[in-house]
Each structure stands twice: as C-alpha cells, then as structure tokens.
Colleague: 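The structure's right below; bear with me while I get my questions together.
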2 protein chains.
Amino acid sequence: MSSPRRRVIPEATIARLPIYQRCLLELEAGGRTKASSEQLAELAGVNGAKVRKDLSYFGTYGTRGVGYDVPHLLHEIRRELGMTHDWPCVIVGAGNLGTALAKFGGFTDRGFSVVAIMDVDESKVGQKVGALTIRHEDDLADVVAELDISIGIITTTAGAAQDVADQMVEVGIRSILNFAPATLDVPFGVLVRDVDVAIELQILAFHEERRVLSEAEIV
Amino acid sequence: MSSPRRRVIPEATIARLPIYQRCLLELEAGGRTKASSEQLAELAGVNGAKVRKDLSYFGTYGTRGVGYDVPHLLHEIRRELGMTHDWPCVIVGAGNLGTALAKFGGFTDRGFSVVAIMDVDESKVGQKVGALTIRHEDDLADVVAELDISIGIITTTAGAAQDVADQMVEVGIRSILNFAPATLDVPFGVLVRDVDVAIELQILAFHEERRVLSEAEIV
DNA sequence: CCGAGCTTGTTCACAAGTTCACAAAGTTGC
DNA sequence: GCAACTTTGTGAACTTGTGAACAAGCTCGG
Ligand SMILES: NC(=O)c1ccc[n+]([C@@H]2O[C@H](COP(=O)([O-])OP(=O)(O)OC[C@H]3O[C@@H](n4cnc5c(N)ncnc54)[C@H](O)[C@@H]3O)[C@@H](O)[C@H]2O)c1
Ligand SMILES: NC(=O)c1ccc[n+]([C@@H]2O[C@H](COP(=O)([O-])OP(=O)(O)OC[C@H]3O[C@@H](n4cnc5c(N)ncnc54)[C@H](O)[C@@H]3O)[C@@H](O)[C@H]2O)c1
C-alpha cells in the first residue's frame, strides 16, 4: 500500500482543530455549505493563512476560487480528531468538580461520554451521580477493562493526584486530563493535559497588575 | 528614580510562574529554605535551564553555588504575579459550573475571591450560592463598581458568551476567563483566556487515535 | 474557449521559545 | 588562602510557530 504521507502535525495545529470543528458546526447549523479560509479564520479568531496552513497538513480539502466545503471539511476534521467513534472516560474524584463534570452533558455531542466515576471515600461509593453510581477507586482496573476506557480524568485533591495517575497508568490508561493543581510524573508514552483554573486567573492577574503599573508610569 | 529595567516577559514564562509558585509553596511547607534550579525543575516538570532563564527575567534572586532562597523567591514571584493583594472576581452564569466554581474555596489561597455571581434567569436571582446571593445580570455595572471587580468569569451557555463579554467590557472589565466554548471578540487591550475542557479531551483523543494507527502500522 | 476575479496551498523570512554549554561567582574543606 | 566543587546567569544555536506574499488552480460570464 502506498503510504499516504503521514506528516508530523504541529501541536499548535492540533489544538486549533477542535476550534475549527466548532466553527464549522456553527456554519453548518446556519445552512452554509461553503466557507473560505478568511471566513473560518474570522470565526475562529485567527488569520486566514494559519487556517490554510493548518488544514493543508491533512490534505487538500479546499477548492481554489471557492473555499472549503463545510460538511466535507467537517467530516475530515472529525476523522483526524478521532471523533468518528465514541471515547469512554472515567472520572476519579467524585467531589464538587468531578460530579459537575459527570453530570454535564455537553461532551457527548463531541464524542466523549463519562461512563464511570470513582472515589476512595466509602461514604460516597454507591451514591448516584446522574445515571452513574460511584464505584470504589480500587475497582479501577475492572472498570477500565469492562468499559474499554482509554481516557482518565483526575478531579481528586492535589495530594492524591499522583497516586491516581500511577494507578491509571498501571491499568493501561495513556491519556489523562488532570484538574488537580499538581505536576504529574508519568512514563514516556502517557499524555497528560492539565486544566488549572487558578493558573489562568494568575496569568490574567499578572497582566492586570502590569497594566496598572504601566498606566501609573505614563502619568 | 533609575528605571528598574522592565524587560518584556515571554508569555510562556508567565504561564510557568504560577507553577513555580506552587512548587515553592510545597518546598516551604516541607521546611526547605533553599532549592536549586534543578530541584525546582524536577518538581515543576521542566528542565533546569528553563527555570533559571525564566527567573532571570525578574532579577538575580539566586546565589551561585547554593541555589535560590525559597521564601525570598516565593515573595518575588508573588509580587510579580500581583499576588500581594486580593483580586475580586465576578462569575456570570449561575449554572452547573458557575455555582461549582463559586463554592470552590481553593482560589482564595491564591489571592482570588469570587465576590459576586449573576444570571439572567429570574428564577435563580435571589437564590444563595454559598455565602453569595445570585444577582441579576443587568446589575453588572453596579456590582463591578461597588466591589471594585477587575476579573470576569463567563460560565453561561456558548450562545450568551459574546453578549456577556460585551457587557463586561462595557463596564470596564479587561480580564476575562471564559469557560463557554465560543471564540470571543473583544477590543484591543482586553485579555481573554479560554478554558475549554472539550478541546483538551479532543487533543487527547487525537493522540490516542494516532497511537492506535501507528501501532497498527508496526504490525 | 478565454480572461477576470477569487481562493487555495506553499514558500520564505521572521518571531518566539527551548536547550546547550560555559564563564562567573559563590561555598566548603583543608 | 586556595583548590575542588557547585550552581547561577546568559549568549548562542536550534526548534517551533506565525504571517506576508504569491503562483497555481478553480469558477463564471460572455
Ligand atoms: N471545584 C472547583 O470548582 C474546582 C475548580 C478548579 C480546580 N479544582 C480542582 O479540582 C480538584 C477537585 O476539586 P473539588 O472541589 O471537586 O474537591 P473535593 O474535595 O470536593 O473532591 C475531591 C474528591 O476526591 C476524592 N479523593 C481524594 N483522594 C482520592 C483518591 N486517592 N482516589 C479517589 N478519589 C479521591 C475525595 O474523596 C473527594 O470526593 C481539586 O484538586 C481542585 O483544586 C476544583
Ligand atoms: N458543567 C460543566 O462541567 C462544564 C464543563 C466544561 C465547560 N462547560 C461550559 O460552561 C458553560 C456553563 O455550563 P453549565 O453546565 O454551568 O451550564 P448551565 O446551563 O447549567 O448554566 C448556564 C447558566 O448561564 C445562564 N445564562 C444564560 N445566558 C445568560 C446571560 N446572557 N447572562 C447571564 N447568565 C446567563 C443560564 O441562566 C444558566 O444559569 C457552558 O458553556 C458549558 O459548555 C461546563
């Protein structure tokens, strides 16, 4: 089989694909069947050249003089992102945030479903969170095997996060979304993405602080 | 006054400062008073050169042959990040996520406090979320002025996010943390940071998908 | 069929960020 | 006081990402 040039896709491009997907969904909902790179760029908040370059990594899906075919491009992006099938996820840490995420239905449209939620707290095990029943953390291996889970979501306290990550890796999970404010140490081949709201706020505060300083300087 | 060289700080460096802060807090809690760039790097999950370069943008806080003085460095980072005073924040959108964030106490230690939560839904206005009472979105200008708010957090549905952002800008907010899956259009000078959990999951899925493909190829 | 008008795909130069490597500057033991 | 050792701070090479520019390619009207 002739190898279909599998180029290396820049991380920055990968991070933008879901945004393009979202914009294309909006266009599709609005009945649009064609869109130019500039229109897409406008919606995505980037510039046209970037859109064209990003999309060109995956093939030539546009038509010169016309633009991109919305449903077709959407299909291709979905395929690239692995959105053609469903991704079962497990949440570990059935606290404030874990239960909020579990109850949130918004990920289902994008191909993710929370199929299990676990905790160490015996008093929580057995309780219901939406349609799910909280199971004991010790059952992780069973749960992951039973439900064919490949993505783990950590919403425990920071202190427990590394332990939970170790257990996840142990049972074969190689993609982890971590909400705990902790730097996780995982073996090569395991991918961790951190979502840290406090850091985002601190970045805003840094700029806000500098803004105040610069303004004081001008005066 | 001799201008204390205010260099341009790379964005990537700014994003790491909160991580260093967190690591230093851990070291301090453990009673450590000195730490080398390598030790800090280990905790932060980066390499030593990066730590040294990042810190050097702010001044020379280390001692050659010894390392950095933990309390001193912590103080300097706090100052740079504007953590020496409190940042009052307003949450707009008192749904699942908005209330979870409002109730979460974990930001207070880092200098952020949610001082108001608002919604358009009349049935929610007046209800309590922890110690706060949900106020009507129309009062945003008053609330921001009264409580001297500089950071706005958007947790409405995606459709309402742009409207809310416009209102925030209108009343003088220039730092916005957006949880809605929408690209916000704001004037120059206003800083928006997006937290999009679905995108993070999609990035994990992309790599997971590729991993499966590569493995199939090897066989 | 042809030319005018668009829009893509790609190249290239530049900007941003990372890592290396090492002199400078400190400490410690003798 | 000096030699051996440690660790910082930084210039320089390298990698990654961005944006401008433009040739190639498509459509459409006549
Ligand atoms: N709640 C928020 O709005 C919010 C926002 C941003 C970040 N976070 C972070 O998310 C994490 C969870 O926050 P939360 O408010 O849900 O906290 P929480 O205390 O309500 O929940 C933590 C849960 O984790 C469980 N847990 C602890 N150790 C465990 C282990 N080893 N295995 C399995 N479960 C374990 C606890 O029993 C508890 O149910 C924290 O790290 C927090 O910093 C929360
Ligand atoms: N819940 C989660 O776990 C989660 C996770 C990731 C992202 N999100 C995103 O966060 C946002 C909120 O999610 P949610 O689950 O809390 O939704 P939700 O429907 O529970 O809450 C949305 C709230 O916003 C209010 N609202 C709508 N328009 C408004 C306006 N113009 N002004 C003020 N308030 C307005 C609604 O009345 C409602 O109370 C969504 O965009 C969602 O995609 C949620």
Side-chain angles (χ1 to χ4, degrees), chain A residues 4-20 23-24 27 32-70 72-74 76-77 80 183 199 203 206-207, chain B residues 4-5 7-20 23-24 27 32-70 72-74 76-77 80 183 188 199 203 206-207:
Chain A
R5 54 169 184 182
R6 168 125 6 109
R7 301 190 228 176
V8 173
I9 315 295
E11 271 303 309
T13 295
I14 297 163
R16 279 189 295 268
L17 285 184
I19 300 178
Y20 299 148
C23 298
L24 288 165
L27 287 170
R32 296 285 302 278
T33 61
K34 298 279 177 198
S36 71
S37 58
E38 290 299 339
Q39 294 168 334
L40 208 43
E42 169 78 21
L43 287 172
V46 297
N47 79 22
K50 214 184 260 179
V51 171
R52 293 198 295 279
K53 181 166 271 191
D54 283 342
L55 298 179
S56 74
Y57 285 109
F58 301 99
T60 61
Y61 299 132
T63 310
R64 294 170 193 226
V66 179
Y68 297 90
D69 181 75
V70 172
H72 181 220
L73 183 54
L74 200 42
E76 293 302 332
I77 289 182
E80 282 298 336
T183 304
I199 288 181
I203 293 171
F206 173 90
H207 291 287
Chain B
R5 53 171 181 181
R7 301 190 228 176
V8 173
I9 316 295
E11 270 303 309
T13 295
I14 297 164
R16 279 189 295 268
L17 285 183
I19 300 178
Y20 299 147
C23 297
L24 287 165
L27 287 170
R32 295 284 303 278
T33 61
K34 298 280 176 197
S36 71
S37 58
E38 289 299 339
Q39 294 168 334
L40 208 43
E42 168 80 21
L43 286 172
V46 298
N47 79 23
K50 211 183 260 181
V51 171
R52 294 198 295 279
K53 182 151 272 191
D54 283 342
L55 298 179
S56 74
Y57 286 110
F58 301 97
T60 61
Y61 298 132
T63 309
R64 294 172 191 222
V66 180
Y68 298 90
D69 181 76
V70 172
H72 180 223
L73 183 54
L74 200 42
E76 293 302 331
I77 289 181
E80 283 298 336
T183 304
F188 179 81
I199 288 181
I203 293 171
F206 174 90
H207 290 287

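Naming: A, B, ... by sequence-line order, numbering from 1 per chain.
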Colleague: Using whole Å, report how far CD of B/Gln39 lies from P of D/dT8.
Modeller: 9 Å
Colleague: Just how far, in rounded Å, is P of C/dG17 from CZ of B/Arg16?
Modeller: 9 Å
Colleague: Might you point out which heavy atoms bring B/Ser37 and B/Arg52 nearest each other, and give the distance in Å?
Modeller: OG-NH1, 3.0 Å
Colleague: What one-letter contact string describes nucleotides 21-30 of chain C from 5' to 3', where B marks a base within less than 4.0 Å of any protein heavy atom, S marks contact via sugar-phosphate atoms alone, and - marks no contact?
Modeller: B--BBSS---
Colleague: Would B/Ile9 and A/Phe206 count as a side-chain contact (heavy atoms from CB on, under 4.5 Å) here? Give the steps.
Modeller: CA-CA 11 Å; B/Ile9 316 295; A/Phe206 173 90; 4.2 Å; yes
Colleague: The side chain of B/Ser37 is closest to which nucleotide in this list: D/dT8, D/dG9, D/dT18?
Modeller: D/dT8
Colleague: What's the CG-P distance between B/Leu55 and C/dT18, to the nearest Å?
Modeller: 14 Å
Colleague: State, to 0.1 Å, how close A/Ala41 and A/Asn47 come at their nearest heavy-atom pair, and which atoms those are.
Modeller: CB-C, 3.5 Å
Colleague: Round to a whole Å and report the spacing from CD of B/Glu11 to P of D/dT18.
Modeller: 13 Å
Colleague: At less than 4.0 Å, is any side-chain N or O atom of A/Lys50 found next to OP1 or OP2 of D/dG17? Yes or no.
Modeller: no
Colleague: Do any side-chain nitrogens or oxygens of B/Tyr68 fall under 4.0 Å of OP1 or OP2 in D/dG9?
Modeller: yes
Colleague: Nearest of C/dC12, C/dG17, D/dT10 to any side-chain atom of B/Lys53?
Modeller: D/dT10
Colleague: Measure CD/A/Glu38 against C1'/D/dA21 and give the value in whole Å, please.
Modeller: 13 Å
Colleague: Out of curiosity, A/Leu17 CG to A/Asp54 CG, how far, rounded to the nearest 0.5 Å?
Modeller: 6.5 Å
Colleague: For A/Asp69 and D/dC26, give me the distance from atom CG to atom C1', rounded to whole Å.
Modeller: 15 Å
Colleague: Verify the neighbour count for atom CD of B/Glu42: are there more than 12 heavy atoms of other residues, nucleotides or ligands below 6.0 Å?
Modeller: no
Colleague: In whole Å, I'd like the distance from the CG atom of B/Asn47 to the C1' atom of D/dT7.
Modeller: 15 Å
Colleague: Which whole-number value in Å describes the distance from A/His72 NE2 to C/dT8 P?
Modeller: 15 Å
Colleague: If you pin B/Gly67 and A/Asp54 to their nearest nucleotides in DNA chain D, which one's is more 5'?
Modeller: B/Gly67
Colleague: Measure the CG-OG1 distance between A/Leu43 and B/Thr183 for me, rounded to the nearest 0.5 Å.
Modeller: 7.5 Å
Colleague: Hey, is the side chain of A/Tyr57 poking within less than 4.0 Å of OP1 or OP2 on D/dG17, counting only N and O atoms?
Modeller: no
Colleague: What's the separation between atom OH in A/Tyr68 and atom CG in A/Leu55, rounded to the nearest 0.5 Å?
Modeller: 4.5 Å
